[in-house]
Undergrad: 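Below are the C-alpha cells for one structure; questions will follow.
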Protein chains: 2
Amino acid sequence: MDLEKIISNVKNNREQIDFNISVDCVLFTVQDNKLKVLLTKLLPGNEWVLPGGFIFRSENVETAAIRVLKQRTGLDQIFLQQFNTFSDPNRFLFRSLIKDLGLETIDIVQLPERVISIGFFALVNYELITLTGGEFEEDTCWAEVTKLPKLMFDHQIIIIEAMESLRKELYFKPIAYNLLPEKFTMPELQKLYEIILDKKMERSSFQKKMLKWDIYERLNERKTGGAHKQPFLYRFDTMKYKVAIEKDIKFGM
Amino acid sequence: MDLEKIISNVKNNREQIDFNISVDCVLFTVQDNKLKVLLTKLLPGNEWVLPGGFIFRSENVETAAIRVLKQRTGLDQIFLQQFNTFSDPNRFLFRSLIKDLGLETIDIVQLPERVISIGFFALVNYELITLTGGEFEEDTCWAEVTKLPKLMFDHQIIIIEAMESLRKELYFKPIAYNLLPEKFTMPELQKLYEIILDKKMERSSFQKKMLKWDIYERLNERKTGGAHKQPFLYRFDTMKYKVAIEKDIKFGM
DNA sequence: GCAAAAGTGTTGCAGATACACCCATGG
DNA sequence: CCATGGGTGTATCTGCAACACTTTTGC
C-alpha cells in the first residue's frame with residue numbers, strides 16, 4: 001500500500017474505478033483472549049489506517065471488500081458484514097491529505113473532494129491468517145480494540161461503530177464461530193462471548209443455551225493437550241442453522 | 001421531479017454534487033390499517049421510483065436523505081435510518097435509462113456509469129403528511145407494501161430490504177411510535193405491531209409488556225369519540241427511554 | 001341492558017439461573 | 001492425590017402467556 005501509487009491510480013484509472021467511494025474493513029480477530037483489529041499504513045512512519053480500497057465500476061461494494069481482505073489475508077471466505085456509511089464532508093480530503101504528508105508536488109487537480117466510505121466488519125480466526133502471513137508488510141499490525149493507536153481520518157470512529165455493530169449482531173446471531181477454528185470447545189466459545197460482550201457468564205447455563213439452539217454439532221473427539229478434563233469439540237453446522245432459522249429459534253444472549 | 005432536469009443537473013453541477021452516489025428513501029406510513037410506502041415518478045406515465053436524490057459534496061448522506069424527505073413531505077423531523085447500500089454494477093445505468101425512455105438526443109458522454117445508492121427507511125404519521133400535502137405532485141402515491149406496482153431499477157428490492165430492516169428493528173427497538181400521532185392508545189400501538197410484524201398478539205400481554213418497559217407516559221386523558229370504553233392516551237417519553245436504555249432494558253417482542 | 005372494547009387480576013407453565021455433584025486429567 | 005476445569009442433573013425463580021373478571025361506553 002502506497003499513497004503515491006493510489007494517487008497515480010486515481011489519475012490513470014478513472015474509467016475503471018469510482019474514486020468518490022471506498023470500502024473500509026474492520027477485520028476482527030481474537031488473540032491471547034483479546035479482541036483485535038487489523039491496521040495498516042499508507043506511508044511508512046505515518047499514522048495507522050484501516051485496510052480499504054476504492055470500488056471498481058464493474059463490481060459491487062461487497063466484492064470490493066472481499067477483494068481488499070483477500071489482498072491482506074490471502075483468504076476469500078471471510079465472514080463480512082456492511083454496517084454503516086461514513087460521509088462527513090471533511091472525513092477524507094485528498095487535498096489536505098497530500099498537504100499533510102508533504103507531497104505538495106503532486107498535481108491534485110483531478111483528485112476528488114470528499115470520499116464516502118462503506119464500513120464493513122469482518123471476523124476471522126487468528127490461526128488461519130498467520131498461515132498465509134508471508135505476504136504481510138511490516139506496516140501492518142493487530143491492535144487491541146481497547147488500546148488503539150492514533151488513526152488517520154475518521155477511522156477510530158469507524159472501529160468503534162464496528163464494535164458496536166459486532167456486539168449487537170452477536171447479541172442476536174451466533175456469528176462468533178467465525179472467530180474460532182473449525183473445531184472448538186464450549187469453553188472457548190464462552191470465552192469469546194465474554195470478551196466481545198465484556199460480560200462474565202455462568203458456565204452451565206451458557207452451555208445449555210448453546211446446545212438448545214441445536215446449531216452446533218458435537219464431534220466424537222475431545223480437545224487434548226490441556227490439563228484437566230478434556231472438553232468435547234464442536235463444529236458449527238450450517239444445515240442445522242438453516243433448520244433453526246426455519247423454526248424461528250431466537251439466538252438472543 | 002423531472003429526468004431531463006436531473007440530467008442537466010449532472011452536467012452543470014459536477015462541482016457541487018457527487019453523481020456516483022445517491023440516497024433512496026423508503027418512507028413508511030400506516031393508513032387504513034395498511035403499511036404503505038411513498039412512491040413517485042421520474043417522468044409522467046412512466047414506472048414508479050422511490051424518492052431519492054444525489055448528494056451535495058458539502059453534506060453527508062443523512063443530510064441528503066433529510067433534504068429529500070423534507071422536499072417531499074415538508075417535514076424535517078422524520079425518523080430515519082440507513083439500512084443498506086445498493087451497488088450492483090447494473091442497478092442504475094444513466095445510459096440505458098436514457099435509451100429506455102427514448103431520450104437519445106441527450107448527450108450522455110459526461111454521465112456517470114453505475115450509481116451507488118444508500119438506502120434509508122423512514123417512519124412518519126400519515127396525518128402529519130397530509131397537513132402539508134399541498135405541494136405534492138400528481139405523480140406521487142402511497143403504495144401498499146403488499147401490492148407494489150412495477151418499479152424502476154432495483155427499487156422493489158430496496159423496499160423489500162427496507163421492510164425486513166423495519167421488522168428487525170421493531171423486533172428489538174420501540175420505534176413504532178414514530179408512525180403514530182403524538183398521543184396514542186395501547187390498542188392503536190398494538191394494531192401497528194400486528195400490521196408490521198404480521199402477527200396477532202394477545203391484548204393483555206401486549207399492554208403489560210409495553211408498560212413494563214416504562215418508556216410510555218400515561219396521560220390523564222382518554223380517547224373519546226369511539227364507541228365502548230375509552231382507552232387511555234399515552235405519549236412516548238424520550239427521557240424515560242434514555243433511562244430504560246441505561247438500565248439495559250430489553251425491548252424485544 | 002347488552003355488546004364490544006379496554007383495564008386489571010390470577011394462574012400455570014416453560015425457560016433460565018444457580019447450584020450441586022461427579023468425572024477426568026496433569027502435575 | 002489433589003487442584004482445576006469440564007459435563008450433567010436438579011431445585012428454584014422468574015417472566016409471561018392465557019384466561020377470567022370487571023369496568024366503561026354507545027346504541
Side-chain angles (χ1 to χ4, degrees), chain A residues 32-33 170-174 176-177 180-181 183-195 197 199-235 244 247-253, chain B residues 32-33 170-172 174 176-177 180-181 183-195 197-235 244 247-253:
Chain A
D32 300 334
N33 287 334
L170 184 60
Y171 216 90
F172 300 116
K173 281 188 200 159
Y177 72 92
L180 294 171
K183 299 173 182 183
F184 53 88
T185 68
M186 278 298 151
E188 284 168 349
L189 187 61
Q190 182 175 350
K191 198 95 210 142
L192 248 190
Y193 270 89
E194 292 182 341
I195 290 168
L197 300 181
K199 196 167 90 178
K200 285 258 165 271
M201 297 173 191
E202 207 274 327
R203 188 172 54 88
S204 165
S205 310
F206 180 85
Q207 179 137 341
K208 271 176 215 153
K209 189 183 280 183
M210 294 299 131
L211 295 181
K212 182 168 46 69
W213 294 344
D214 194 26
I215 58 174
Y216 300 108
E217 179 197 3
R218 178 188 279 191
L219 306 175
N220 289 322
E221 306 172 58
R222 286 165 181 260
K223 176 121 181 173
T224 58
H228 320 302
K229 187 172 182 177
Q230 298 174 340
F232 285 107
L233 284 167
Y234 291 84
R235 180 163 48 193
K247 287 187 195 165
D248 204 28
I249 303 281
K250 298 287 180 305
F251 304 107
M253 287 304 294
Chain B
D32 301 333
N33 287 335
L170 185 59
Y171 216 90
F172 300 116
Y177 71 91
L180 293 172
K183 300 174 182 182
F184 53 87
T185 68
M186 280 296 151
E188 284 167 348
L189 187 61
Q190 181 175 349
K191 198 96 211 138
L192 250 190
Y193 270 89
E194 293 181 341
I195 291 168
L197 300 181
D198 193 27
K199 195 166 91 178
K200 284 259 166 271
M201 296 172 192
E202 206 274 326
R203 187 173 54 88
S204 167
S205 309
F206 181 86
Q207 179 137 341
K208 272 176 214 152
K209 186 183 284 182
M210 295 297 130
L211 295 182
K212 182 167 45 74
W213 295 342
D214 194 26
I215 59 174
Y216 300 107
E217 179 196 4
R218 179 188 279 191
L219 306 175
N220 289 323
E221 307 172 55
R222 287 165 180 262
K223 176 119 182 174
T224 57
H228 320 303
K229 188 171 182 177
Q230 297 174 341
F232 286 107
L233 283 167
Y234 291 84
R235 180 164 48 193
K247 288 187 194 164
D248 203 28
I249 302 280
K250 299 286 179 309
F251 305 106
M253 290 301 297

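Below, chain A is the first sequence line, B the second, and so on; all start at residue 1.
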Undergrad: In Å and rounded to the nearest 0.5 Å, what is the OG1 to CD distance from B:T185 to B:Q207?
TA: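 Separation between the atoms: 9.0 Å.
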Undergrad: Are A:F172 and B:F172 an aromatic pair, judged by ring center distance below 6.0 Å?
TA: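 Yes: the rings meet the under 6.0 Å criterion.
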Undergrad: What is the distance, to the nearest angstrom, from the CD atom on A:E188 to the C1' atom on D:dG7?
TA: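 Roughly 16 Å, once rounded to whole Å.
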Undergrad: B:M210 CE to D:dG15 C1': how many Å, rounded?
TA: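 Going from B:M210 (CE) to D:dG15 (C1'), I get 15 Å.
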Undergrad: Which of the following nucleotides, C:dA18, D:dC19, C:dG7, is nearest to the side chain of A:S205?
TA: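 It is C:dA18.
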Undergrad: Should B:E194 and B:K199 count as an ion pair when the cut-off is N to O under 4.0 Å?
TA: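 Answer for the salt bridge query: no.
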Undergrad: Between C:dG9 and B:S204, counting only base atoms on the nucleotide and side-chain atoms on the residue, is there a donor-acceptor pair under 3.5 Å?
TA: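 Such a pair exists between side chain and base.
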Undergrad: Would you say a side-chain N or O of B:K208 is under 4.0 Å from OP1 or OP2 of C:dG7?
TA: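 Looking at the OP1 and OP2 atoms of C:dG7, neither is under 4.0 Å from any side-chain N or O of B:K208.
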Undergrad: Specify the separation, in whole Å, of atom NZ of A:K209 and atom C1' of C:dA14.
TA: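 To the nearest whole Å, that distance equals 15 Å.
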Undergrad: Mind checking if B:Q230 touches a base, just sugar-phosphate, or nothing, with heavy atoms under 4.0 Å?
TA: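 Sugar-phosphate contact only - B:Q230 comes under 4.0 Å of backbone atoms but never of a base.
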Undergrad: Do you know which two heavy atoms are closest between A:I249 and A:W213, and how far apart they sit?
TA: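 Reported closest heavy-atom pair: CG2-CD1, 4.0 Å.
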Undergrad: Could you tell me the separation between the CE atom of B:M253 and the P atom of D:dC16, rounded to a whole number of Å?
TA: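 Spelled out: CE on B:M253 to P on D:dC16 is 11 Å.
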Undergrad: Would you classify B:T185 as touching base, sugar-phosphate or nothing, given that sugar-phosphate means primed atoms plus P, OP1 and OP2, and contacts are heavy atoms under 4.0 Å?
TA: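 No contact.
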Undergrad: Identify the pairs formed between an N or O of the protein and an N or O of nucleotides 1-4 of chain C at a distance under 3.5 Å, and give each distance.
TA:
none

Undergrad: State whether the distance check finds a donor on one side and an acceptor on the other, under 3.5 Å, for side chain A:R203 versus base D:dG5.
TA: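 When only heavy-atom distances are counted, A:R203 does not reach the base of D:dG5 through any donor-acceptor pair under 3.5 Å.
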Undergrad: Any idea which heavy atoms bring A:R203 and A:Q190 closest together, and the distance?
TA: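 In this case the closest contact between A:R203 and A:Q190 is CA-OE1, 3.6 Å.
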Undergrad: Compare every heavy atom of B:I215 with every heavy atom of B:A244, then report the nearest pair and how far apart it is.
TA: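 Closest approach of B:A244 to B:I215: CB-CG2, 3.8 Å.
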Undergrad: Grab the two heavy atoms, one from A:L170 and one from A:M253, that are nearest each other, plus how far apart they are.
TA: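 For A:L170 versus A:M253, the nearest heavy atoms are O-CG, 4.0 Å.
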Undergrad: Rounding to an integer number of Å, can you tell me how far B:Q207 CD sits from D:dC19 P?
TA: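 My rounded result for the distance is 18 Å.
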Undergrad: Between D:dG7 atom P and A:L211 atom CG, what is the distance in whole Å?
TA: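 Spelled out: CG on A:L211 to P on D:dG7 is 9 Å.
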Undergrad: Whole-Å distance between C:dT17 P and A:M201 CE?
TA: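 So the CE-P distance, A:M201 to C:dT17, works out to 10 Å.
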Undergrad: Whole Å only: how far is the NZ atom of B:K200 from the P atom of D:dA17?
TA: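 Atom NZ in B:K200 sits about 16 Å away from atom P in D:dA17.
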